[in-house]
Enquirer: 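Structure in structure tokens, see below.
Just so you know, these numbers use all the heavy atoms, side chains as well, and skip hydrogens, waters and symmetry mates.
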Amino acid sequence: MALDYFFTPRSIAVLGASNDSMKLGYEVFKNLKEYGDKVYPVNIKDEEVQGVKAYKNVKDIPDEVDLAVIIVPKRFVKQSVIDCGEKGVKGIIVITAGFGEIGAEGKKEEKELVEIAHKYGMRIIGPNCVGIMNTHNRMNASFVMNAVKGSVAFISQSGALGAGIVYKTIKENIGFSKFISVGNMADVDFADLMEALADDEESKAIALYIEGVKDGKRFMEVAKRVSKKKPIIALKAGKSESGARAASSHTGSLAGSYAIYDAAFNQSGILVANSIDEMLSMARAFTQPLPKGKNVAIMTNAGGPGVLTADAIDKHGLKLANLEEETMRKLREFLPPMAAVKNPVDMIASARGEDYYKTAKLLLEDPNADMLIAICVVPTFAGMTPTEHAEGVIRAMKEVNNGKPVLGLFMAGYVSEKAKEVLEKEGIPAYERPEDVGIAAYALAKFSEINEE
């Protein structure tokens with residue numbers, strides 16, 4: 001993967017590593033110690049940092065250094081970049097703020113840092129960022145807690161928002177493969193990272209939080225190429241005049257007219273999310289194969305969620321599949337007389353895991369259905385286990401194995417957690433709200449459509 005020295009470095013130096021738990025340099029080094037014994041603290045005062053031998057200068061480290069994290073006061077950043085260049089460092093993450101986001105003078109200083117880096121053949125992520133993570137090798141070069149391991153690469157122009165989303169996904173057990181806070185994008189930008197992630201097998205989808213881009217033409221060219229290989233989902237901030245003004249003062253970026261961005265996203269094959277939850281719901285869907293059409297089969301043990309999910313898919317231009325008469329006849333053979341066998345198939349509350357297996361199998365085999373949404377309001381009565389419904393769906397998916405995507409909607413809060421874990425382990429994304437599974441189904445259908453063009 002391009003830029004691999006950022007994500008799989010053989011060794012890392014932390015300039016500004018600290019013993020003071022009140023400083024960011026403490027958190028960054030503490031997180032990176034999990035990566036292994038090739039992480040070196042650089043501190044001009046202390047002989048040791050968190051029990052590890054420290055060096056006065058990155059050039060004193062008796063080992064090659066692939067990646068350097070700079071978290072020193074702003075007045076020392078320039079010299080730190082020069083020292084890294086002389087050491088032969090390949091990639092630099094500048095966490096320190098106070099550059100392009102504060103105005104013209106800061107932009108000038110930022111530009112100088114990039115010129116120095118390029119002189120030595122280095123690339124910079126930042127400045128004014130919170131760092132990066134690769135959950136697949138436990139490299140956390142940030143001051144944010146470890147994200148859950150997963151398949152979505154998340155690139156955020158806002159460090160604090162990015163960190164907040166990481167914490168949200170930890171709570172909801174949603175996994176990231178990579179997390180990259182790009183900050184001011186003085187050097188490495190969205191286009192560079194999309195290009196690098198296009199061939200990353202650990203990342204099934206790329207999610208972007210965007211305030212503004214600096215080279216729109218290159219962004220579109222790269223996105224158009226990458227979106228043929230891998231879905232890109234963008235959440236654009238600064239749609240309004242007030243939001244655009246806020247974005248400018250935040251990262252020094254020009255938010256521009258949202259209509260222009262919207263057109264650019266559509267032309268580039270980028271899927272557009274309108275909220276954080278939409279972005280995450282869409283990105284998570286791509287652990288499943290792409291559907292061949294827009295016809296959705298819905299199975300449920302409660303009528304209300306089935307109706308709401310039907311509304312959700314309809315809102316996004318998808319349709320309820322017209323089930324074959326033979327499918328409905330076979331459903332009647334084992335479902336209770338009060339069950340509804342037309343789509344959505346309502347198996348009623350008494351449905352057990354075996355009913356889920358048989359129903360999912362029939363719906364996946366129906367030629368009129370392009371994808372399946374399996375809904376369960378997990379029951380806590382009649383001796384039912386929290387996972388039997390999920391296991392029934394998984395068994396059917398494996399047995400039919402015809403490449404149709406399956407999405408789960410398991411609605412019972414903590415009661416359904418175990419069932420959702422079982423589904424997720426098999427690559428079936430499990431959602432809690434009809435609107436989330438609806439936008440996920442849309443993302444799969446839309447990306448399939450894009451790839452046919």
Enquirer: If you round to the nearest 0.5 Å, how far is SG of Cys376 from CZ of Phe410?
Expert: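 Spacing of CZ (Phe410) from SG (Cys376) equals 4.5 Å.
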Enquirer: Quick one: are Lys398 and Glu426 in side-chain contact, heavy atoms under 4.5 Å?
Expert: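 The answer is yes, as the side chains (C-beta and beyond) meet within the 4.5 Å cut-off.
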Enquirer: So, using ring pair (Phe, Tyr, Trp, His ring centres under 6.0 Å) as the criterion, who are the partners of Phe6 when residues are at least two apart?
Expert: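 None.
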Enquirer: Is a donor on one side and an acceptor on the other found under 3.5 Å between the side chain of Gln288 and the backbone of Val406?
Expert: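 The answer is yes, because a donor-acceptor pair under 3.5 Å joins these two groups.
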Enquirer: Using side chain to side chain donor-acceptor pair (under 3.5 Å), reason through Tyr357 and Glu399 one step at a time and then give a plain yes or no.
Expert: CA-CA 10 Å; Tyr357 158 67; Glu399 198 170 300; 2.8 Å; yes
Enquirer: Applying ring pair (Phe, Tyr, Trp, His ring centres under 6.0 Å), name anything that partners Tyr442, two or more places apart in sequence or on another chain.
Expert: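 For Tyr442, the residues satisfying ring pair (Phe, Tyr, Trp, His ring centres under 6.0 Å) (neighbours in sequence not counted) are His316.
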Enquirer: Does a donor on one side chain sit under 3.5 Å from an acceptor on the other, for Glu388 and Tyr356?
Expert: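 On atom types as modelled, these side chains do not qualify, holding no pair under 3.5 Å.
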Enquirer: What I'd like to find out is whether the side chain of Met122 reaches to under 4.5 Å of the side chain of Val81, using heavy atoms alone.
Expert: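 Yes. Closest side-chain heavy atoms under 4.5 Å.
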Enquirer: State, without any angle test, whether Glu110 and Asn184 hold a side-chain donor-acceptor pair at a distance under 3.5 Å.
Expert: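 Present: a donor and an acceptor within the cut-off.
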Enquirer: Not counting sequence neighbours, which residues clear side chain to side chain donor-acceptor pair (under 3.5 Å) with Asp346? List them please.
Expert: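 Checked Asp346 against side chain to side chain donor-acceptor pair (under 3.5 Å); zero matches.
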Enquirer: Would you call Lys420-Glu432 a salt bridge at under 4.0 Å N-O?
Expert: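 So Lys420 pairs with Glu432 through a salt bridge.
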Enquirer: Considering only residues two or more places apart or on different chains, which pairs with a residue in residues 17-26 satisfy salt bridge (charged side-chain N to carboxylate O under 4.0 Å, His left out)?
Expert: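 Listed once each, the pairs would be none.
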Enquirer: Please confirm whether the backbone N or O of Ala310 pairs with a side-chain atom of Asp314, one donor and one acceptor, at under 3.5 Å?
Expert: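 Checked: no pair found.
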Enquirer: Glu172: which residues meet the side chain to side chain donor-acceptor pair (under 3.5 Å) condition with it, sequence neighbours left out?
Expert: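 Glu172: side chain to side chain donor-acceptor pair (under 3.5 Å) contacts with Lys168.
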Enquirer: Under the salt bridge (charged side-chain N to carboxylate O under 4.0 Å, His left out) criterion, do Lys224 and Glu221 qualify, and how do the steps go?
Expert: CA-CA 5 Å; Lys224 196 172 284 187; Glu221 288 172 351; over 6 Å; no
Enquirer: So is Lys90 actually on top of Tyr5's ring, under 6.0 Å and inside 45° of the axis?
Expert: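 Here Lys90 fails the 6.0 Å and 45° test against Tyr5.
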Enquirer: Knowing that exactly one of Asp37, Asp66, Asp4 qualifies, which makes a salt bridge (Lys or Arg N to Asp or Glu O under 4.0 Å) with Arg10?
Expert: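 That would be Asp66; it is the only one of Asp37, Asp66, Asp4 passing the salt bridge (Lys or Arg N to Asp or Glu O under 4.0 Å) with Arg10.
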Enquirer: So which pairs with a foot in residues 148-171 pass ring pair (Phe, Tyr, Trp, His ring centres under 6.0 Å), sequence neighbours left out?
Expert: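 Listed once each, the pairs are Phe154-Phe176, Phe154-Phe179.
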Enquirer: Checking the side chain of Ser448 only, and the main-chain atoms of Leu444 only, is there a donor and an acceptor separated by less than 3.5 Å?
Expert: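 Looks like no, no N/O pair under 3.5 Å.
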Enquirer: Flag the pair Glu211 / Ser158 as yes when at least one side-chain heavy-atom distance between them is below 4.5 Å, and no otherwise.
Expert: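 Counting from C-beta outward, Glu211 and Ser158 do come under 4.5 Å.
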Enquirer: Hey, which of Asp436, Val437, Leu407 is the one that makes side-chain contact (heavy atoms from CB on, under 4.5 Å) with Ser281?
Expert: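 So, applying the side-chain contact (heavy atoms from CB on, under 4.5 Å) to Ser281 and each of Asp436, Val437, Leu407, only Asp436 qualifies.
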Enquirer: For the residue pair Lys418 and Thr385, establish whether any side-chain heavy-atom pair is separated by less than 4.5 Å.
Expert: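 Lys418 does not reach Thr385 side chain to side chain.
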Enquirer: For Asn140, give me all partners under side chain to side chain donor-acceptor pair (under 3.5 Å), at least two apart in sequence or on another chain.
Expert: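 Per chain and number, Asn140 pairs via side chain to side chain donor-acceptor pair (under 3.5 Å) with Ser142, Asn146.
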Enquirer: Working to the nearest 0.5 Å, report the span between CG of Leu290 and CD of Glu449.
Expert: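 Reported to 0.5 Å precision, the distance equals 12.0 Å.
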Enquirer: Are any of the side-chain heavy atoms of Ile298 and Asn343 separated by less than 4.5 Å?
Expert: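 They are in side-chain contact.
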Enquirer: Is a donor on one side and an acceptor on the other found under 3.5 Å between the side chain of Lys33 and the backbone of Gln50?
Expert: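 It does hold such a pair.
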Enquirer: How long is the straight-line distance from SG of Cys129 back to CD of Gln157, given to the nearest 0.5 Å?
Expert: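 With rounding to 0.5 Å, CD (Gln157) is 12.0 Å from SG (Cys129).
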Enquirer: So, the side chain of Asn128 versus the backbone of Thr96: is there a donor-acceptor pair under 3.5 Å, distance only?
Expert: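 Pair absent, no side-chain N/O of Asn128 close to backbone of Thr96.
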Enquirer: Ignoring hydrogens and angles, state whether a donor on the side chain of Asp187 or His118 is under 3.5 Å from an acceptor on the partner side chain.
Expert: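 Judged by distance alone, the side chains do pair up.
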Enquirer: Ser227: which residues meet the side chain to side chain contact (heavy atoms under 4.5 Å, CB included) condition with it, sequence neighbours left out?
Expert: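 Applying side chain to side chain contact (heavy atoms under 4.5 Å, CB included) to Ser227 gives Ile232.
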Enquirer: Do the side chains of Tyr209 and Val182 get nearer than 4.5 Å, heavy atoms only?
Expert: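 No; the side chains remain at least 4.5 Å from each other.
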Enquirer: Tell me, do Ile174 and Arg284 make a side-chain contact under 4.5 Å, heavy atoms counted?
Expert: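 Answer yes - side chains close enough.
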Enquirer: In sequence, state the C-alpha distance, the side-chain angles, and the governing distance for Asp200 and Lys230, and then conclude on salt bridge (charged side-chain N to carboxylate O under 4.0 Å, His left out).
Expert: CA-CA 10 Å; Asp200 178 26; Lys230 191 167 290 186; 5.6 Å; no
Enquirer: Residues in ring pair (Phe, Tyr, Trp, His ring centres under 6.0 Å) with Tyr431, at least two apart?
Expert: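 Tyr431 satisfies ring pair (Phe, Tyr, Trp, His ring centres under 6.0 Å) with no other residue.
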Enquirer: Using modelled atom types and a 3.5 Å cut-off, is there a donor and acceptor pairing between side-chain atoms of Asn451 and backbone atoms of Phe447?
Expert: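 Between the backbone of Phe447 and the side chain of Asn451 there is a qualifying donor-acceptor contact (under 3.5 Å).
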Enquirer: Given Leu32, which partner from the list Met139, Arg138, Lys38 fulfils the side-chain contact (heavy atoms from CB on, under 4.5 Å) test?
Expert: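 Among the candidates, only Met139 passes.
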Enquirer: Holding to side chain to side chain donor-acceptor pair (under 3.5 Å), I want the full list of residues that pass it with Glu278, two or more places apart in sequence or in another chain.
Expert: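 Side chain to side chain donor-acceptor pair (under 3.5 Å) list for Glu278, sorted by chain: empty.
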Enquirer: I'd like to check Thr169 versus Val148 (side-chain heavy atoms, cut-off strictly below 4.5 Å). Are they in contact?
Expert: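 The answer is no, as the side chains (C-beta and beyond) never meet within the 4.5 Å cut-off.
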Enquirer: List in chain and number order the residues that pass ring pair (Phe, Tyr, Trp, His ring centres under 6.0 Å) with Phe99, two or more places apart in sequence or in another chain; answer none if no residue qualifies.
Expert: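 Testing Phe99 for ring pair (Phe, Tyr, Trp, His ring centres under 6.0 Å), a comparison that skips the adjacent residues, returns none.
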Enquirer: Backbone N or O of Ala430 within a donor-acceptor pair of the Glu424 side chain at under 3.5 Å?
Expert: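 Side chain of Glu424 to backbone of Ala430, a donor-acceptor pair under 3.5 Å: yes, one is there.
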Enquirer: Can any side-chain N or O of Asn134 pair as donor or acceptor with the backbone N or O of Phe7 at less than 3.5 Å?
Expert: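 Indeed, once roles are kept as given, a pair shorter than 3.5 Å links the two residues.
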Enquirer: List, one per line, each side-chain donor-acceptor pair under 3.5 Å for residues 71-78, sequence neighbours excluded.
Expert:
from	atom 1	to	atom 2	distance (Å)
Lys74	NZ	Gly98	O	2.7
Lys74	NZ	Glu109	OE1	2.6
Lys78	NZ	Glu112	OE2	2.7

